[in-house]
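Just so it is clear, the model here is predicted, and its values are computed rather than measured. Counting from 1, the numbers follow the sequence of the chain as shown.
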Amino acid sequence: MRYIDLSKIEIPEGWLEKANGLAQQLNEVDSDEARDNIIAKNQIWRELFIPLSKLSNGKCWYSEALDVMSDRDIDHFRPKSKVEDDKQHDGY
């Protein structure tokens, strides 16, 4: 895995406020279903795809291969919602 200096990221204007608002929404819901629904409808992390891609010079952070085809996922290290092959795992 390559080292990425996150202090150099150019966060889009207003992103931190949106992220804080989303975190507040998630903290206020009273069920996993409501939380999952909010996460499923939110694409906030995709807004960081281009700034993060610039930091890695368009390369995968793990393999260092050029990222020529991407569905704009930020990270695949652990699932945020569900795991298709594990019906007991509901993400994090």
Notebook entry, point to check: Is there a donor-acceptor contact under 3.5 Å from the side chain of Trp15 to the main chain of Trp45?
Noted result: no
Next item on the list: State, to 0.1 Å, how close Leu26 and Val29 come at their nearest heavy-atom pair, and which atoms those are.
Entry: O-CG2, 3.2 Å
Next item on the list: First locate atom CD1 of Ile39, then atom NZ of Lys41, and finally report the distance between them rounded to the nearest 0.5 Å.
Entry: 13.0 Å
Item checked: Side-chain (Asn37) to main-chain (Glu33) donor-acceptor, under 3.5 angstrom -> no
Next item on the list: With Ile50 as reference, evaluate Arg46, Lys54, Glu47 under the side chain to side chain contact (heavy atoms under 4.5 Å, CB included) test and give the passing residue.
Entry: Lys54
Next item on the list: Please report the shortest heavy-atom distance between Pro51 and Ile9, naming the atom on each side.
Entry: CB-CG1, 3.9 Å
Next item on the list: For Leu48 and Pro12, work out which heavy atoms get closest and say how close.
Entry: CD2-CD, 3.6 Å
Notebook entry, point to check: Where the side chain of Asn42 meets the backbone of Ile38, is there a donor-acceptor pair that is under 3.5 Å apart?
Noted result: no
Item checked: Stepwise side-chain contact (heavy atoms from CB on, under 4.5 Å) check, Leu6 with Leu52 -> CA-CA 8 Å; Leu6 292 177; Leu52 290 170; 4.1 Å; yes
Notebook entry, point to check: Between Leu66 and Lys59, which heavy-atom pair has the shortest distance, and what is it?
Noted result: CD2-CG, 3.9 Å
Check: Does any N or O in the side chain of Asp5 come within less than 3.5 Å of the main-chain N or O of Ser7, such that one atom is a donor and the other an acceptor?
Finding: yes
Checklist line | Atom pair CD (Glu28) and CZ (Arg35), whose distance is rounded to the nearest 0.5 Å | finding: 15.5 Å
